Amino acid sequence: MHVGHLRSTIIGDALARVLDFLGHRVIRQNHVGDWGTQFGMLAYYAFSLIDPAAHHVFSREEEQMNLSNFSIQDMEKFYIKAKQLYDSNPEFAAKSRQVLVELQSGKSRLPKLLWKEVRDQSLEHCERIYRRMGVLLTRDDVRGESAYNDDLPEVVADLDKVGLLTESQGARGVYLDEFTNKDNERAFVIVQKSDGGYLYATTDLAALRYRAVELKADRILYVTDSRQAQHFAMVFTVARKAGFVSEKVSLEHVPFGMMLGPGRTPFKTREGGTVKLMDLLAEAVTRAHSLVDEKNPDLPDGQKERIAEVVGIGAVKYADLSQNRASDYVFSWDKMLSLEGNTAPYMQYAYARIRSIFRKGESTDYTDYTDSSEIVLDHAAERKLAIKLLQFPETIGAVAAECLPNVLCGYLYELAGAFMGFYENCPVLQAGTDALRASRLALCELTARTIRRGLDLLGIETIERM
RNA sequence: GCGCCCGUAGCUCAGUUGGAUAGAGCAGCGGUCUUCUAAACCGCAGGUCGCAGGUUCGAGUCCUGCCGGGCGCGCCA
C-alpha cells in the first residue's frame, strides 16, 4: 500500500464508524482488486521466483509443488519488480496474461495456488497497516473482485433476460440514453468483451446485486476517487433498469479528490516512486517523538513512544480527513505530518489538558461532576463552550447524511478552540465557589468526553498526557 | 463535442438545504508562563470570494453565459 490508498481507507473507516455510532448496521466491504492483470503478473512472478528457469507454467508436476516455504517479505518491492518485468519483457507479459486466463477459467490448480499465496501475503500486508493506523477493517470484511467471478456470466444472462443486452462489434453491453460518449452518441456500457472476458462494470454489477439482495443493504456507499464518478453513475443506472436494485435502496458514490504529487502531477498508482504508507507512518511517528522529547522531556521513554505513535498516526489521518474530500490532495510531508494548528494533536492536547485537571483535582471519576451539578454559564467563554457542546449531535447527523468527515473535524476544532478560550479565562480547580468549581469540572468532563468520542469516530486515539 | 468537479488572504484550505462586518492554519509583525500542560492564548496586518449578468429583502452559496484548471466518456480498473 502506498499513499494513494490512504484516502479511501481512512475516509471509509471514519464514515463506517460514524454510521455505526448512530445505530446503523454497517457492513464493511473491502472490495480489493485481487483478480485483474496485476494479480496475474504477481502470480507469475511468484512462480518465476520458485523456478527461474521455467519456460512452461502449468505442468502436472508443478501443480504438486510445495508452496509452503514461499513468502513475500515486501509486497511493494515485489510488485515493482513484477511490473518492471511486465513492461520490459514481452515473454513475461504473455505468461502473466496466460496465468490470468488459467486463473479465471479455473482449469489449472497451480495458478490458483500461486494466486492464493500472493493474495494472502498481500492481505496480510494490508492488515499490518490497518492495525497500525487503527483502521477497523479485518479479513472478514474482504470481499474482492475474485469473489464475484462465478456470478459474472449470470449478470450478463440476466441483463439479456430483461432485454437490456445488446451486441456491438462482438462485445456485449447496455446502451444508455442517459449518457453520451465522445461522439455524442448514447453510451455503451460493455459487460463482456469480444474475447469473452468480463470487465469491472460486470464485477460492480455483481457486487451491487450481492449487496442489495444478499446483504439486504438499504444504503450503499462507494468510497472511491472522483474519476470513477461517471462509471458508477452508469453502473447504478444499469442496475436500476435491470431490477438488480430497487428504488428504495440508496446508491451513493462518495467521491474524493486525487492524491497529487509535487507540482500537482497525478500520483501514479502502480508505478515506482510512490511513498509507501508504512514509511509515511514511521516518519510521522519519528517527528512526533522528537516533539515529545522537546516539549515534555521528563516523561518516561515508554510513555513517550506511546504518545508519539498516537500523535503521529493521528496527524496523518487528520490531515486527510479534515480536508473536504472533493478537493484534490497535494501530497506534502510537511502538511501531512504537521502538528500545529488545525491538526489532531491540537484536539489531543486539549484532551490531555482536561485530564490533567482531573488528576490535579484528585479525581479521575468522570461521573463525579456531571450528574449532580448545575451548569453555570456566566462567563462568555463558558457560554461559548456550552453552545459548542450542544452542537455535537447535529454535527454527527450532518456528517452521516453528507458523508463528510471534515465537518466533524471542523466541529472538533471549534470545540477544542472554545475549550482553550475557557481554559485561559476560567480557573477550574481554583474557582471562587464550590458550585462554580463543580460546574466547570462538569464542562471539562463533557468536553473531554466529546473530544474523545469525536476523535474516535475519526479513528484517532487520545492519550492522558502529552 | 458531451458530462462531472474546481477557481475564496502571499501559501494550504473551511464556508452543503442563501441570512448580519467572508473564517482558520501556515508564513510576517507585536504581546502573554509566581496560578489547572506555552504542542497554548491574545492582538496587528492581509481578500474586487475567476469575470459578467440574473433571481432575491438578502448571493461565496441558487440560475445563465464566458475565462482558467482538473478529471472522465464501448472492449484497463
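Below, all heavy atoms of this structure are taken into account, side chains as well, without hydrogens, waters or symmetry copies. Naming convention: chains lettered A, B, ... in sequence-line order (proteins, then strands); numbering from 1 in each chain. Owing to the predicted nature of the structure, the values given are computational and were not obtained by experimental measurement.
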Give the nucleotide from the list [options] with an atom nearest to the side chain of [X].
{"X": "A:Arg353", "options": "B:A39, B:A38, B:G74", "result": "B:A38"}
{"X": "A:Glu402", "options": "B:U16, B:A39, B:C71", "result": "B:U16"}
{"X": "A:Asn184", "options": "B:C36, B:C75, B:G1", "result": "B:G1"}
{"X": "A:Glu424", "options": "B:A14, B:C75, B:A40", "result": "B:A40"}
{"X": "A:Tyr349", "options": "B:G15, B:G74, B:U37", "result": "B:U37"}
{"X": "A:Leu429", "options": "B:U16, B:C36, B:A40", "result": "B:C36"}
{"X": "A:Asn406", "options": "B:C71, B:A14, B:A39", "result": "B:A14"}
{"X": "A:Leu404", "options": "B:U16, B:A39, B:G25", "result": "B:U16"}
{"X": "A:Met466", "options": "B:C2, B:A39, B:C76", "result": "B:A39"}
{"X": "A:Asn181", "options": "B:G25, B:G74, B:U16", "result": "B:G74"}

With a 4.0 Å heavy-atom cut-off, tell me which residues in residues 231-240 of chain A come close to RNA chain B, sorted by residue number. none

Whole-Å gap separating [atom2] ([N]) and [atom1] ([X]):
{"X": "A:Gln323", "N": "B:U16", "atom1": "CD", "atom2": "P", "result": "16 Å"}
{"X": "A:Asp328", "N": "B:U12", "atom1": "CG", "atom2": "P", "result": "13 Å"}
{"X": "A:Glu145", "N": "B:C76", "atom1": "CD", "atom2": "C1'", "result": "11 Å"}
{"X": "A:Arg325", "N": "B:U16", "atom1": "CZ", "atom2": "P", "result": "14 Å"}
{"X": "A:Phe422", "N": "B:C42", "atom1": "CZ", "atom2": "C1'", "result": "18 Å"}
{"X": "A:Leu337", "N": "B:C26", "atom1": "CG", "atom2": "P", "result": "16 Å"}
{"X": "A:Glu294", "N": "B:A38", "atom1": "CD", "atom2": "C1'", "result": "12 Å"}
{"X": "A:Asn342", "N": "B:A39", "atom1": "CG", "atom2": "P", "result": "18 Å"}

What's the shortest heavy-atom distance between [X] and [Y], and which atoms?
{"X": "A:Ala288", "Y": "A:Gly312", "value": "CB-N, 3.8 Å"}
{"X": "A:Met466", "Y": "A:Pro345", "value": "CE-O, 3.8 Å"}
{"X": "A:Asp34", "Y": "A:Trp115", "value": "O-NE1, 2.7 Å"}

Roughly how many Å apart are [M] and [N], using the [atom1] atom of each and rounding to a whole number?
{"N": "B:G30", "M": "B:A45", "atom1": "P", "result": "15 Å"}
{"N": "B:G72", "M": "B:C63", "atom1": "P", "result": "25 Å"}
{"N": "B:U61", "M": "B:C49", "atom1": "P", "result": "10 Å"}
{"N": "B:G31", "M": "B:G70", "atom1": "P", "result": "45 Å"}
{"N": "B:A14", "M": "B:G25", "atom1": "P", "result": "16 Å"}
{"N": "B:G65", "M": "B:C71", "atom1": "P", "result": "24 Å"}
{"N": "B:C2", "M": "B:U64", "atom1": "P", "result": "14 Å"}
{"N": "B:A24", "M": "B:G43", "atom1": "P", "result": "9 Å"}

Within the structure shown, what part of the strands sits under 4.0 Å from [X] by heavy-atom distance: base, sugar-phosphate, or nothing?
{"X": "A:Cys403", "value": "nothing"}
{"X": "A:Tyr413", "value": "sugar-phosphate"}
{"X": "A:Pro345", "value": "nothing"}
{"X": "A:Val292", "value": "base"}
{"X": "A:Leu199", "value": "sugar-phosphate"}
{"X": "A:Ser194", "value": "base"}
{"X": "A:Ala187", "value": "nothing"}
{"X": "A:Arg172", "value": "nothing"}

Using a 90° cut-off around 0 for syn, call B:C4 syn or anti. anti

CZ/A:Phe236 to CD/A:Glu178 distance, rounded to the nearest 0.5 angstrom? 14.5 Å

Would you say [X] reaches [N]'s phosphate, i.e. side-chain N/O to OP1/OP2 under 4.0 Å?
{"X": "A:Ser356", "N": "B:U37", "answer": "yes"}
{"X": "A:Tyr346", "N": "B:C41", "answer": "yes"}
{"X": "A:Lys295", "N": "B:A39", "answer": "yes"}
{"X": "A:Asn296", "N": "B:A39", "answer": "no"}
{"X": "A:Arg227", "N": "B:C73", "answer": "no"}
{"X": "A:Lys360", "N": "B:U37", "answer": "yes"}
{"X": "A:Ser327", "N": "B:A14", "answer": "yes"}

A side-chain contact here means heavy atoms from C-beta on lying under 4.5 Å apart; do [X] and [Y] qualify?
{"X": "A:Asp151", "Y": "A:Thr203", "value": "no"}
{"X": "A:Tyr318", "Y": "A:Tyr413", "value": "yes"}
{"X": "A:Thr224", "Y": "A:Ser8", "value": "no"}

Counting neighbours of NZ on A:Lys384 that are heavy atoms of other residues, nucleotides or ligands and sit closer than 6.0 Å, is the number greater than 12? no

Quiz item: cation-pi between A:Arg353 and A:Tyr423, 6.0 Å / 45°: yes

Lys/Arg cation over aromatic A:Tyr148: A:Arg143, 6.0 Å, 45° cone: yes

Show your working on ring-ring contact (aromatic ring centres under 6.0 Å, His included) between A:Tyr346 and A:Tyr349 and close with a plain yes or no. CA-CA 5 Å; A:Tyr346 183 79; A:Tyr349 180 62; 7.7 Å; no

Which range-with-range stems can be found for RNA chain B when each stem has 3 or more Watson-Crick or G-U pairs in a row and both distances sit under 3.5 Å? B:1-5 with B:69-73, B:10-13 with B:23-26, B:28-32 with B:40-44, B:50-54 with B:62-66

Between [X] and [Y], is any side-chain donor less than 3.5 angstrom from a side-chain acceptor?
{"X": "A:Tyr222", "Y": "A:His31", "result": "no"}
{"X": "A:Tyr411", "Y": "A:Asn406", "result": "no"}
{"X": "A:Glu252", "Y": "A:Ser250", "result": "yes"}

Whichever of A:Ala229 and A:Tyr423 has the more 5' nearest nucleotide on RNA chain B, that residue is A:Ala229

Tell me whether the side-chain N or O atoms of A:Tyr200 pair up with the base of B:A77 as donor and acceptor below 3.5 Å, since no angle test is needed here. yes

